[in-house]
Amino acid sequence: MSGFSIDWLDLREDADRRARDSDLCERAVHWLQLAPSRGREAIVVDLGAGTGSTLRALDGAGQRPLLWRLLDHDPALLAEARRRHGGQTGIETFAADLSDIGTLPLDGARLVTASALFDLVSAEFLQALAQVLQRPAGQDPIGVYSALNYDGLTQWTPSHPLDDVVLEAFNCDQRRDKGFGPALGPEAAGAMCDAFSQAGFRVFSASSPWVLDGADEPLVSALITGIAAAVAGSPGVAVSSLEDWVRFRQAQVTSGSCTVGHTDLLAVPDPASAHATV
Ligand SMILES: C[S@@+](CC[C@H](N)C(=O)[O-])C[C@H]1O[C@@H](n2cnc3c(N)ncnc32)[C@H](O)[C@@H]1O
(Lines give C-alpha, C1' and ligand atoms only; values in the text may rest on other atoms or scores of the structure.)
Protein backbone atom coordinates (compact mmCIF):
# COMPACT_ATOMS: atom_id res chain seq x y z
CA MET A 1 0.00 0.00 0.00
CA SER A 2 1.14 3.51 -0.77
CA GLY A 3 -0.15 5.24 2.33
CA PHE A 4 -2.13 7.67 0.15
CA SER A 5 -5.83 7.31 0.84
CA ILE A 6 -8.59 8.16 -1.61
CA ASP A 7 -9.91 10.61 0.99
CA TRP A 8 -6.59 12.49 1.16
CA LEU A 9 -6.20 12.60 -2.63
CA ASP A 10 -9.78 13.88 -2.93
CA LEU A 11 -9.15 16.52 -0.26
CA ARG A 12 -6.16 17.93 -2.08
CA GLU A 13 -7.44 17.71 -5.66
CA ASP A 14 -9.26 21.04 -5.77
CA ALA A 15 -6.30 22.90 -4.21
CA ASP A 16 -3.98 21.15 -6.67
CA ARG A 17 -6.15 22.16 -9.61
CA ARG A 18 -6.16 25.81 -8.50
CA ALA A 19 -2.43 25.75 -7.85
CA ARG A 20 -1.26 24.28 -11.18
CA ASP A 21 0.53 26.87 -13.26
CA SER A 22 -1.85 27.43 -16.17
CA ASP A 23 0.85 28.43 -18.62
CA LEU A 24 2.87 25.25 -18.11
CA CYS A 25 -0.31 23.20 -18.25
CA GLU A 26 -1.18 24.80 -21.60
CA ARG A 27 2.34 24.17 -22.88
CA ALA A 28 2.02 20.51 -21.92
CA VAL A 29 -1.28 20.30 -23.81
CA HIS A 30 0.29 22.10 -26.77
CA TRP A 31 3.10 19.51 -26.76
CA LEU A 32 0.44 16.80 -27.03
CA GLN A 33 -1.31 18.60 -29.88
CA LEU A 34 1.94 18.70 -31.85
CA ALA A 35 2.41 14.92 -31.64
CA PRO A 36 2.83 13.25 -35.04
CA SER A 37 -0.66 11.92 -35.80
CA ARG A 38 -0.19 8.62 -37.67
CA GLY A 39 -3.94 8.14 -37.31
CA ARG A 40 -3.90 7.27 -33.60
CA GLU A 41 -4.25 8.93 -30.23
CA ALA A 42 -1.38 10.66 -28.48
CA ILE A 43 -0.32 8.55 -25.49
CA VAL A 44 0.02 10.05 -22.00
CA VAL A 45 1.64 7.95 -19.27
CA ASP A 46 0.74 9.23 -15.78
CA LEU A 47 3.22 8.05 -13.13
CA GLY A 48 1.82 7.59 -9.61
CA ALA A 49 -1.63 8.36 -11.02
CA GLY A 50 -3.62 7.72 -7.84
CA THR A 51 -7.30 8.03 -8.76
CA GLY A 52 -6.53 10.01 -11.94
CA SER A 53 -6.27 13.64 -10.83
CA THR A 54 -3.87 14.61 -13.64
CA LEU A 55 -6.25 13.13 -16.20
CA ARG A 56 -9.07 15.20 -14.71
CA ALA A 57 -6.91 18.35 -14.59
CA LEU A 58 -6.12 18.05 -18.30
CA ASP A 59 -9.56 16.75 -19.25
CA GLY A 60 -10.95 18.37 -22.36
CA ALA A 61 -7.75 20.34 -23.01
CA GLY A 62 -6.90 20.32 -26.66
CA GLN A 63 -8.58 18.61 -29.58
CA ARG A 64 -6.29 15.66 -29.97
CA PRO A 65 -7.68 12.26 -28.88
CA LEU A 66 -5.59 10.88 -26.02
CA LEU A 67 -4.85 7.46 -24.62
CA TRP A 68 -4.10 7.67 -20.89
CA ARG A 69 -2.04 4.98 -19.20
CA LEU A 70 -2.45 5.39 -15.45
CA LEU A 71 0.38 3.74 -13.49
CA ASP A 72 0.37 3.17 -9.74
CA HIS A 73 1.41 0.43 -7.33
CA ASP A 74 -1.75 0.78 -5.26
CA PRO A 75 -4.54 -1.38 -6.75
CA ALA A 76 -7.20 0.33 -4.62
CA LEU A 77 -6.38 3.73 -6.15
CA LEU A 78 -6.39 2.31 -9.68
CA ALA A 79 -9.71 0.58 -9.00
CA GLU A 80 -11.12 3.94 -7.94
CA ALA A 81 -9.75 5.53 -11.13
CA ARG A 82 -11.48 2.83 -13.17
CA ARG A 83 -14.70 3.31 -11.19
CA ARG A 84 -14.63 7.06 -11.97
CA HIS A 85 -13.55 6.78 -15.58
CA GLY A 86 -14.41 3.23 -16.57
CA GLY A 87 -17.05 4.32 -19.04
CA GLN A 88 -14.61 6.52 -20.93
CA THR A 89 -12.56 5.26 -23.82
CA GLY A 90 -8.85 5.94 -23.95
CA ILE A 91 -7.97 5.01 -20.37
CA GLU A 92 -5.87 2.06 -19.25
CA THR A 93 -4.61 1.29 -15.76
CA PHE A 94 -1.39 -0.57 -14.92
CA ALA A 95 -0.37 -1.82 -11.48
CA ALA A 96 3.34 -1.07 -11.55
CA ASP A 97 6.19 -0.29 -9.19
CA LEU A 98 7.71 2.88 -10.64
CA SER A 99 11.07 2.14 -9.07
CA ASP A 100 11.44 -0.65 -11.66
CA ILE A 101 11.82 1.89 -14.48
CA GLY A 102 12.92 -0.59 -17.12
CA THR A 103 9.58 -2.41 -17.01
CA LEU A 104 7.26 0.62 -17.26
CA PRO A 105 4.90 0.73 -20.27
CA LEU A 106 6.36 3.86 -21.84
CA ASP A 107 6.32 2.68 -25.47
CA GLY A 108 4.78 5.19 -27.86
CA ALA A 109 4.34 7.85 -25.15
CA ARG A 110 4.19 11.49 -26.23
CA LEU A 111 3.96 12.88 -22.69
CA VAL A 112 4.84 11.47 -19.27
CA THR A 113 2.98 13.18 -16.44
CA ALA A 114 3.30 13.11 -12.65
CA SER A 115 1.71 15.14 -9.94
CA ALA A 116 2.77 15.32 -6.30
CA LEU A 117 5.20 12.51 -7.06
CA PHE A 118 8.75 13.66 -7.70
CA ASP A 119 9.25 14.89 -4.11
CA LEU A 120 8.80 11.22 -3.08
CA VAL A 121 11.52 9.90 -5.39
CA SER A 122 15.31 10.03 -5.29
CA ALA A 123 17.76 11.92 -7.48
CA GLU A 124 18.90 8.55 -8.89
CA PHE A 125 15.33 7.76 -9.94
CA LEU A 126 15.00 11.06 -11.83
CA GLN A 127 18.38 10.57 -13.51
CA ALA A 128 17.37 7.07 -14.60
CA LEU A 129 13.97 8.33 -15.83
CA ALA A 130 15.61 11.12 -17.83
CA GLN A 131 17.93 8.58 -19.46
CA VAL A 132 15.03 6.28 -20.35
CA LEU A 133 13.01 9.16 -21.82
CA GLN A 134 15.83 10.53 -23.95
CA ARG A 135 14.67 10.16 -27.49
CA PRO A 136 15.60 6.64 -28.61
CA ALA A 137 16.70 6.39 -32.25
CA GLY A 138 13.75 6.24 -34.61
CA GLN A 139 11.15 7.10 -31.96
CA ASP A 140 9.14 10.27 -31.44
CA PRO A 141 10.34 12.64 -28.71
CA ILE A 142 8.74 12.45 -25.25
CA GLY A 143 7.94 15.39 -22.96
CA VAL A 144 7.53 15.32 -19.18
CA TYR A 145 5.01 17.41 -17.20
CA SER A 146 5.51 17.17 -13.45
CA ALA A 147 3.19 19.30 -11.32
CA LEU A 148 2.97 20.12 -7.62
CA ASN A 149 6.43 19.22 -6.38
CA TYR A 150 6.64 20.40 -2.75
CA ASP A 151 9.32 23.12 -2.40
CA GLY A 152 9.81 23.17 1.39
CA LEU A 153 8.08 26.50 2.07
CA THR A 154 4.97 26.52 4.23
CA GLN A 155 3.76 29.80 5.69
CA TRP A 156 0.96 30.23 8.20
CA THR A 157 -1.07 33.29 9.14
CA PRO A 158 -1.24 34.08 11.99
CA SER A 159 2.20 32.82 12.95
CA HIS A 160 3.06 30.64 15.94
CA PRO A 161 6.47 30.51 17.69
CA LEU A 162 6.90 26.82 16.75
CA ASP A 163 6.21 27.27 13.01
CA ASP A 164 9.88 27.28 11.94
CA VAL A 165 10.82 24.30 14.09
CA VAL A 166 7.84 22.30 12.82
CA LEU A 167 8.63 23.20 9.22
CA GLU A 168 12.26 22.16 9.58
CA ALA A 169 11.25 18.82 11.10
CA PHE A 170 8.59 18.32 8.42
CA ASN A 171 11.04 19.01 5.62
CA CYS A 172 13.44 16.55 7.22
CA ASP A 173 10.67 13.92 7.23
CA GLN A 174 9.98 14.68 3.57
CA ARG A 175 13.45 13.32 2.76
CA ARG A 176 12.72 9.87 4.23
CA ASP A 177 12.97 6.95 1.82
CA LYS A 178 9.55 6.36 0.20
CA GLY A 179 10.67 3.31 -1.77
CA PHE A 180 12.99 5.01 -4.27
CA GLY A 181 16.03 5.69 -2.04
CA PRO A 182 16.41 8.94 -0.04
CA ALA A 183 13.50 11.16 -1.09
CA LEU A 184 14.19 14.52 -2.71
CA GLY A 185 11.47 16.31 -0.76
CA PRO A 186 11.97 20.08 -1.23
CA GLU A 187 14.86 19.49 -3.67
CA ALA A 188 12.65 17.72 -6.23
CA ALA A 189 12.32 20.61 -8.71
CA GLY A 190 16.04 21.39 -8.73
CA ALA A 191 16.90 17.72 -9.16
CA MET A 192 14.45 17.37 -12.05
CA CYS A 193 15.94 20.45 -13.74
CA ASP A 194 19.44 19.00 -13.36
CA ALA A 195 18.58 15.47 -14.47
CA PHE A 196 16.54 16.45 -17.53
CA SER A 197 18.80 19.33 -18.59
CA GLN A 198 21.77 16.99 -18.51
CA ALA A 199 19.81 14.47 -20.59
CA GLY A 200 19.20 17.08 -23.31
CA PHE A 201 15.78 18.39 -22.36
CA ARG A 202 14.72 22.01 -22.13
CA VAL A 203 13.16 22.46 -18.70
CA PHE A 204 10.57 25.14 -17.83
CA SER A 205 9.48 25.71 -14.25
CA ALA A 206 6.92 27.84 -12.45
CA SER A 207 5.72 28.07 -8.89
CA SER A 208 2.35 26.52 -8.05
CA PRO A 209 1.61 27.13 -4.38
CA TRP A 210 -1.46 26.01 -2.52
CA VAL A 211 -3.09 29.20 -1.24
CA LEU A 212 -5.50 28.02 1.43
CA ASP A 213 -7.97 29.76 3.71
CA GLY A 214 -11.11 29.00 5.67
CA ALA A 215 -12.85 27.72 2.54
CA ASP A 216 -10.31 24.88 2.52
CA GLU A 217 -10.96 23.93 6.15
CA PRO A 218 -11.07 20.12 5.67
CA LEU A 219 -7.77 20.14 3.74
CA VAL A 220 -6.02 22.52 6.14
CA SER A 221 -7.21 20.55 9.14
CA ALA A 222 -5.96 17.28 7.63
CA LEU A 223 -2.69 18.99 6.71
CA ILE A 224 -2.15 20.08 10.33
CA THR A 225 -2.86 16.54 11.55
CA GLY A 226 -0.52 15.07 8.93
CA ILE A 227 2.31 17.49 9.70
CA ALA A 228 1.99 16.82 13.44
CA ALA A 229 2.12 13.05 12.87
CA ALA A 230 5.17 13.42 10.62
CA VAL A 231 7.17 15.55 13.06
CA ALA A 232 6.16 13.86 16.35
CA GLY A 233 9.30 12.59 18.04
CA SER A 234 11.64 14.75 15.95
CA PRO A 235 14.61 16.26 17.79
CA GLY A 236 13.72 19.72 19.09
CA VAL A 237 9.94 19.14 18.87
CA ALA A 238 8.72 18.65 22.44
CA VAL A 239 5.42 16.79 22.84
CA SER A 240 3.75 19.59 24.81
CA SER A 241 4.93 22.28 22.36
CA LEU A 242 3.63 20.29 19.41
CA GLU A 243 0.27 19.80 21.13
CA ASP A 244 0.11 23.55 21.68
CA TRP A 245 0.98 24.17 18.01
CA VAL A 246 -1.74 21.76 16.83
CA ARG A 247 -4.35 23.32 19.16
CA PHE A 248 -3.44 26.81 17.92
CA ARG A 249 -3.44 25.81 14.24
CA GLN A 250 -6.76 23.94 14.45
CA ALA A 251 -8.32 26.92 16.26
CA GLN A 252 -7.23 29.17 13.35
CA VAL A 253 -8.32 26.84 10.61
CA THR A 254 -11.30 28.89 9.44
CA SER A 255 -9.96 32.38 10.14
CA GLY A 256 -6.28 31.91 9.25
CA SER A 257 -4.52 31.13 5.99
CA CYS A 258 -1.73 28.96 4.75
CA THR A 259 0.54 28.83 1.72
CA VAL A 260 2.31 25.62 0.76
CA GLY A 261 4.93 26.04 -1.94
CA HIS A 262 5.18 23.79 -4.99
CA THR A 263 6.91 23.89 -8.35
CA ASP A 264 5.55 22.68 -11.70
CA LEU A 265 7.95 21.62 -14.44
CA LEU A 266 7.77 20.82 -18.12
CA ALA A 267 10.69 19.15 -19.87
CA VAL A 268 10.78 18.84 -23.65
CA PRO A 269 13.63 17.42 -25.69
CA ASP A 270 15.86 20.19 -27.02
CA PRO A 271 19.56 19.42 -27.08
CA ALA A 272 20.44 23.03 -27.86
CA SER A 273 18.72 24.59 -24.82
CA ALA A 274 19.43 25.04 -21.15
CA HIS A 275 17.00 25.45 -18.25
CA ALA A 276 14.52 28.31 -18.58
CA THR A 277 11.98 29.75 -16.16
CA VAL A 278 8.59 30.86 -17.49
C1 LIG B 1 0.92 12.05 -3.51
S2 LIG B 1 0.15 10.76 -4.38
C3 LIG B 1 -0.31 11.60 -5.88
C4 LIG B 1 -1.38 10.88 -6.64
C5 LIG B 1 -1.89 11.62 -7.88
N6 LIG B 1 -0.83 11.87 -8.83
C7 LIG B 1 -2.55 12.91 -7.46
O8 LIG B 1 -1.97 13.98 -7.72
O9 LIG B 1 -3.64 12.86 -6.89
C10 LIG B 1 1.52 9.77 -4.91
C11 LIG B 1 1.09 8.56 -5.73
O12 LIG B 1 2.26 7.80 -6.10
C13 LIG B 1 1.99 6.44 -5.92
N14 LIG B 1 3.27 5.77 -5.67
C15 LIG B 1 4.13 5.99 -4.66
N16 LIG B 1 5.20 5.17 -4.76
C17 LIG B 1 4.99 4.40 -5.86
C18 LIG B 1 5.73 3.37 -6.50
N19 LIG B 1 6.90 2.93 -6.02
N20 LIG B 1 5.23 2.81 -7.62
C21 LIG B 1 4.01 3.23 -8.11
N22 LIG B 1 3.28 4.21 -7.56
C23 LIG B 1 3.75 4.79 -6.44
C24 LIG B 1 1.04 6.39 -4.74
O25 LIG B 1 0.31 5.18 -4.67
C26 LIG B 1 0.17 7.61 -4.98
O27 LIG B 1 -0.93 7.32 -5.79
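For ligands, and for the atoms within them, numbers begin at 1 and follow the listed sequence.
One side chain, D16 or W210, offers a donor N or O that lies under 3.5 Å from an acceptor on the other. At a cut-off of 3.5 Å, with distance as the only test, a side-chain donor of D46 or T113 sits close to an acceptor on the other residue. Under 3.5 Å, the side chains of S53 and R12 contain no donor-acceptor pair of N or O atoms. For the residue pair R20 / S208, no side-chain donor-acceptor distance below 3.5 Å is found, with atom types taken as modelled. Side-chain contact, S5 with D7: no donor N or O sits under 3.5 Å from an acceptor N or O. Neither side chain, S197 nor D194, offers a donor N or O lying under 3.5 Å from an acceptor on the other.
Interface atoms of ligand 1 facing L98, defined by a heavy-atom separation under 4.0 Å, are 18 (C), 19 (N), 20 (N), 21 (C), 22 (N). Set against the non-hydrogen atoms of G50, the atoms of ligand 1 under 4.0 Å away are 27 (O). Applying the 4.0 Å criterion to heavy atoms of L77 picks out, from ligand 1, the atoms 25 (O), 27 (O).
In terms of polar-atom proximity, K178 is not counted as a contact of ligand 1, lacking any N or O under 3.5 Å from an N or O of the ligand. At a 3.5 angstrom cut-off on N or O pairs, H73 counts as close to ligand 1. For D16, no nitrogen or oxygen atom sits less than 3.5 Å from a nitrogen or oxygen atom of ligand 1, counting backbone and side chain alike.
Side-chain atoms of F180 and F118, non-hydrogen and from C-beta on, never get closer than 4.5 Å to each other.
Heavy-atom separations between L117 and ligand 1 include at least one value shorter than 4.0 Å. By the 4.0 Å heavy-atom criterion, A96 is counted among the residues contacting ligand 1. The shortest heavy-atom distance from A49 to ligand 1 is under 4.0 Å.
Considering each of G48, A116, S99, the one bringing a non-hydrogen atom nearest atom 6 (N) of ligand 1 is G48.
Across all non-hydrogen atoms, the minimal contact from A109 to V45 is CB-CG2, 3.8 Å.
Residue contacts with ligand 1, taken as heavy atom pairs separated by less than 4.0 Å, involve S53 solely via side-chain atoms from C-beta onward.
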